[in-house]
Protein chains: 2
Amino acid sequence: MIKGNKITIHDISKALNIDSSTVSRALNNSPRVSLKTREKIQKKATELGYQRNSLASNLRTNRTNTIGVIIPRISRHFFATVIAGIEETAYEEGYNVVICQSLESLDREEKIMNSLASNRVDGILISTSMETSKFEHIKSYMDNNNPVVFIDRPSDAFPNCSSISIDNFKASYDATKLLIEKGRKNIAHFSGPQNIGLYKTRKEGYIKALQEHNIPVIERYIFESNLSEEDGIACAKKLLNHPDIDAIYSANDTAAISAIQYLKSQGVDIPNNIAVIGFNNDPISEVIEPSLTTINQPGFEMGKLSTEILIQQIRNKSENTKNESKVLVPELIIRKSSENS
Amino acid sequence: MIKGNKITIHDISKALNIDSSTVSRALNNSPRVSLKTREKIQKKATELGYQRNSLASNLRTNRTNTIGVIIPRISRHFFATVIAGIEETAYEEGYNVVICQSLESLDREEKIMNSLASNRVDGILISTSMETSKFEHIKSYMDNNNPVVFIDRPSDAFPNCSSISIDNFKASYDATKLLIEKGRKNIAHFSGPQNIGLYKTRKEGYIKALQEHNIPVIERYIFESNLSEEDGIACAKKLLNHPDIDAIYSANDTAAISAIQYLKSQGVDIPNNIAVIGFNNDPISEVIEPSLTTINQPGFEMGKLSTEILIQQIRNKSENTKNESKVLVPELIIRKSSENS
DNA sequence: TCCAAAAATACAATCGATTGTATTTTTGTT
DNA sequence: AACAAAAATACAATCGATTGTATTTTTGGA
């Protein structure tokens with residue numbers, strides 16, 4: 001084989017003196033080609049090292065058999081599990097997956113969306129970035145009759161669009177309630193950006209639990225940030241100005257964990273002085289001491305479900321896509337950081 | 001705009017009564033089109049919601065501006081940092097990145113390779129799976145004059161192929177030496193599959209350090225496994241049959257961490273009874289108690305470097321690709337698990 | 001052996017963009 | 001005003017595979 005000389009169906013066609021249309025059909029195992037020639041062609045193809053050019057094929061058929069996935073960051077445990085679910089379902093159904101990370105940047109999210117669209121992926125699964133408050137890029141993609149399913153962060157802007165999410169309100173409510181039942185009275189909340197519905201809902205669940213137990217909601221006990229590692233430390237520092245506080249419910253594990261580490265370094269006894277509950281069930285939450293009570297989201301299942309819905313929408317593109325949203329119930333995992341000793 | 005009716009350059013061409021070749025040039029900002037018509041065309045394009053069809057474009061130009069990345073698992077911290085480096089460099093240079101995970105399966109690795117090849121990515125960065133002992137898929141891709149750069153796990157099968165790796169021997173040697181200097185005499189080693197060069201080399205570094213310090217190498221102190229969480233526990237269990245052992249050098253953090261947890265649960269004092277050193281600097285290594293002494297690989301830099309080399313090879317495809325391998329030096333991060341109290 | 005039906009294969013257009021070459025239009029000079 | 005050079009645009013082939021239609025070949029029954 002000559003280096004860099006890509007073999008096409010026309011090369012096979014010439015080599016065997018068979019029309020390229022027949023070669024194409026043979027390589028796709030079409031019954032329109034007799035078994036004898038089919039085998040001859042396939043043999044020659046492997047002999048020449050033929051490799052289908054998907055660009056040409058996809059251009060002609062107007063399908064790529066590829067699903068685009070846009071998520072904030074692949075290294076986050078939750079998203080890694082979501083991806084595992086997506087890939088499993090997609091491969092079962094014969095779809096390829098292209099994973100892209102927005103790194104929580106709207107600009108990158110837009111560029112990725114554009115690139116996926118121009119590469120004609122058959123549909124997109126998206127978990128929007130923290131910065132995403134404009135939705136033009138998603139709207140224009142959907143306007144072009146392209147299927148989209150939101151994961152984890154459904155958007156109010158598209159009430160008719162399918163989404164897979166969890167019941168953040170209930171999870172938050174349950175977590176806060178647990179702290180109350182353990183006798184905590186002054187529970188702080190580490191909250192995320194309020195333009196992300198999910199963080200708003202988590203805050204609401206927290207507030208609701210307090211109210212139902214006749215505990216006053218104190219605004220300065222609610223610390224809003226991006227919930228990064230640094231944010232966790234910063235919030236913990238501020239929190240020490242309020243000696244009443246005896247518990248933290250954090251909207252993610254990252255901030256909860258860095259807060260625990262900072263508080264421990266300042267001589268605070270976790271959980272006796274301050275109990276902590278996080279969100280996400282990151283692997284570290286099990287290893288830190290004390291181990292962190294947290295909320296586990298069924299990422300794998302979310303990935304599977306969202307992919308199933310997307311593929312169904314791809315296949316029934318002609319029919320009107322109906323909203324197929326599902327809300328799953330996350331699980332409160334009780335560990336040491338919330339238990340009185 | 002009519003739903004699902006994708007706009008092409010021909011639509012713009014008709015709308016303005018300008019030939020499609022001129023439209024194409026205008027959209028690519030070619031100076032061959034007068035500024036006036038260029039602007040007119042671009043305006044019409046956005047007005048109609050035109051979106052370039054990359055399939056067609058890439059088919060014609062025979063370039064995709066895309067780099068394929070095959071790694072065992074995106075959720076591993078080391079690979080996540082590698083990807084960050086890859087993406088940064090790639091985007092700077094105007095390349096897209098397609099990330100695929102082999103999940104340590106040769107079968108998947110082959111399928112991915114095939115898919116990337118048929119989608120005509122411009123080059124591939126690969127860190128082979130644990131199962132990869134046949135290299136036909138890589139060879140046939142390279143034989144077709146496609147650039148490949150190995151990351152982290154260079155292959156003996158391709159001595160002339162560029163690769164970015166670290167000095168596993170030195171890192172291992174240094175880690176073992178540290179334990180010896182701390183007075184440890186009976187140092188166990190958790191090793192990985194020996195068909196992966198990197199685990200073999202790590203073992204050799206360990207052996208060399210022992211020998212240079214006149215410490216006998218005891219075969220049953222070397223535990224070979226896949227270094228998973230379960231393997232770490234299993235090895236720790238076996239290790240308790242040898243009460244002499246006073247230190248572990250593990251070829252990865254995962255096994256080291258689960259071993260520490262198991263040993264602690266059995267009442268073993270870490271590091272006083274048994275000191276531990278891991279490999280990879282996983283985030284958990286900093287949080288576990290005692291914090292884990294480990295070796296940090298410069299993943300981000302490895303990603304950047306490998307991408308630079310790959311892009312250079314893509315651009316100079318005509319010239320003979322010369323081996324551009326680099327070996328970086330990892331850093332020993334000393335924490336509590338190796339320090340005598 | 002002949003012929004219609006069925007099977008197998010060939011022809012030719014197409015997907016959407018790019019690009020070398022040809023043609024038309026504009027510009028500037030005398 | 002005439003004309004050559006330069007600028008702008010149009011024409012047409014091409015990338016590689018797919019697919020509807022047309023043509024050729026094979027098959028089997030009378």
Side-chain angles (χ1 to χ4, degrees), chain A residues 4-42 44-45 48-66 114-115 117-122 144 146, chain B residues 4-42 44-45 48-66 114-115 117-122 144 146:
Chain A
N5 241 7
K6 297 258 163 58
I7 304 295
T8 73
I9 53 169
H10 302 290
D11 298 318
I12 301 173
S13 162
K14 272 178 218 150
L16 296 173
N17 203 27
I18 293 175
D19 189 79
S20 60
S21 63
T22 303
V23 173
S24 170
R25 288 192 169 95
L27 293 174
N28 286 311
N29 252 313
S30 159
R32 265 183 65 172
V33 179
S34 70
L35 192 60
K36 208 176 121 208
T37 37
R38 227 189 295 169
E39 282 171 346
K40 189 162 66 174
I41 288 169
Q42 286 167 355
K44 186 55 110 182
L48 294 177
Y50 170 78
Q51 176 138 50
R52 157 193 270 107
N53 184 327
S54 294
L55 298 173
S57 172
N58 294 340
L59 171 62
R60 182 61 230 262
T61 59
N62 202 26
R63 289 187 311 109
T64 54
N65 268 302
T66 300
N114 201 52
S115 160
S118 92
N119 278 293
R120 299 293 190 265
V121 293
D122 294 339
N144 236 29
N146 293 122
Chain B
N5 240 6
K6 297 260 162 59
I7 305 294
T8 74
I9 53 169
H10 302 289
D11 298 318
I12 300 173
S13 162
K14 271 178 219 150
L16 295 173
N17 204 27
I18 292 175
D19 189 81
S20 60
S21 62
T22 303
V23 174
S24 170
R25 290 193 169 97
L27 293 174
N28 286 312
N29 252 315
S30 159
R32 266 183 66 172
V33 179
S34 70
L35 193 61
K36 208 176 121 209
T37 36
R38 227 188 296 169
E39 282 171 348
K40 191 162 66 175
I41 288 168
Q42 286 166 354
K44 187 55 114 183
L48 294 177
Y50 170 78
Q51 177 139 51
R52 157 193 269 107
N53 184 327
S54 294
L55 298 173
S57 171
N58 294 341
L59 172 61
R60 182 60 229 261
T61 60
N62 202 26
R63 289 185 313 109
T64 54
N65 269 301
T66 301
N114 202 51
S115 160
S118 93
N119 279 292
R120 299 294 190 264
V121 295
D122 294 340
N144 237 28
N146 293 121

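Since this is a predicted model, take the numbers as computed values, not measurements. We name chains A, B, ... by the order of the sequence lines, and we start the count at 1 in each one.
If you measure from atom CG of B:Leu16 to atom P of D:dT9, you get 12 Å, rounded to the nearest angstrom. Straight-line distance from the NE2 atom of B:His10 to the P atom of D:dA12: 15 Å, rounded to whole Å. When the C1' atom of C:dA17 is taken as reference, atom CD of B:Gln51 falls 14 Å away, rounded to whole Å. To the nearest angstrom, P of D:dC15 lies 14 Å from CD1 of A:Ile7. Here the C1' atom of nucleotide D:dC15 and the CG atom of A:Asn58 are 14 Å apart, to the nearest Å. If you measure from atom NZ of A:Lys40 to atom P of C:dA8, you get 14 Å, rounded to the nearest angstrom. Across the protein-nucleic acid pair, B:Ile9 atom CD1 and C:dG16 atom P stand 10 Å apart, rounded to whole Å. Between the CG atom of B:Leu59 and the C1' atom of D:dA13 there is a distance of 14 Å, given to the nearest Å.
Scanning for side chain to side chain donor-acceptor pair (under 3.5 Å) contacts around A:Ser115 gives an empty result, with sequence neighbours left out. Residues passing the side-chain contact (heavy atoms from CB on, under 4.5 Å) test with A:Asn17: none are found, sequence neighbours excluded. In terms of the side chain to side chain donor-acceptor pair (under 3.5 Å) criterion, A:Arg25 has no residue partners (sequence neighbours excluded). When the side chain to side chain donor-acceptor pair (under 3.5 Å) test is applied to B:Thr64, the partners found at least two apart in sequence or on another chain are B:Asp122.
D:dA22 is paired with C:dT9 under the Watson-Crick or G-U wobble criterion, all donor-acceptor distances under 3.5 Å.
Across all strands shown, A:Leu27 has no heavy atoms under 4.0 Å from either base or sugar-phosphate atoms. No engagement by B:Leu55 is indicated, since no non-hydrogen atom pair under 4.0 Å with the nucleic acid exists. Nucleic acid contact for A:Asn17: sugar-phosphate only, since backbone atoms but no base atoms lie under 4.0 Å from a heavy atom of the residue. In this structure, B:Asn62 reaches neither bases nor backbone, as no heavy-atom distance under 4.0 Å exists between it and the strands shown. A:Thr37 comes within 4.0 angstrom of sugar-phosphate atoms only, judged by non-hydrogen atoms across all strands, and of no base. B:Val33 comes within contact range of the sugar-phosphate backbone alone, with a heavy-atom separation under 4.0 Å but no base atom that close.
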In a table with atom names and distances, give each donor-acceptor pair under 3.5 Å that connects a side chain of residues 49-56 of chain A to protein atoms at least two apart or in another chain.
unit_1  : atom_1 : unit_2   : atom_2 : d
A:Gln51 : NE2    : B:Asn114 : O      : 3.2
A:Gln51 : NE2    : B:Asn114 : OD1    : 2.7
A:Arg52 : NH2    : A:Asn28  : OD1    : 2.5
A:Asn53 : OD1    : A:Leu55  : N      : 2.8
A:Asn53 : OD1    : A:Ala56  : N      : 3.2
A:Ser54 : OG     : B:Ser118 : O      : 3.4
A:Ser54 : OG     : B:Ser118 : OG     : 2.6

> side-chain contact (heavy atoms from CB on, under 4.5 Å) between B:Leu59 and B:Arg120: does it pass, once the steps are laid out?
Replying inline: CA-CA 9 Å; B:Leu59 172 61; B:Arg120 299 294 190 264; over 6 Å; no
>> side-chain hydrogen bond (donor to acceptor under 3.5 Å, both in side chains), that's the test. Do A:Asn29 and A:Arg38 meet it? Break it down for me.
In response: CA-CA 7 Å; A:Asn29 252 313; A:Arg38 227 189 295 169; 3.3 Å; yes
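For B:Ser34, a side-chain nitrogen or oxygen approaches OP1 or OP2 of D:dT9 to under 4.0 Å.
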> Which letter, B, S or -, goes with each nucleotide of nucleotides 19-26 of chain D from 5' to 3', with contact meaning a protein heavy atom under 4.0 Å?
Replying inline: BBB-----
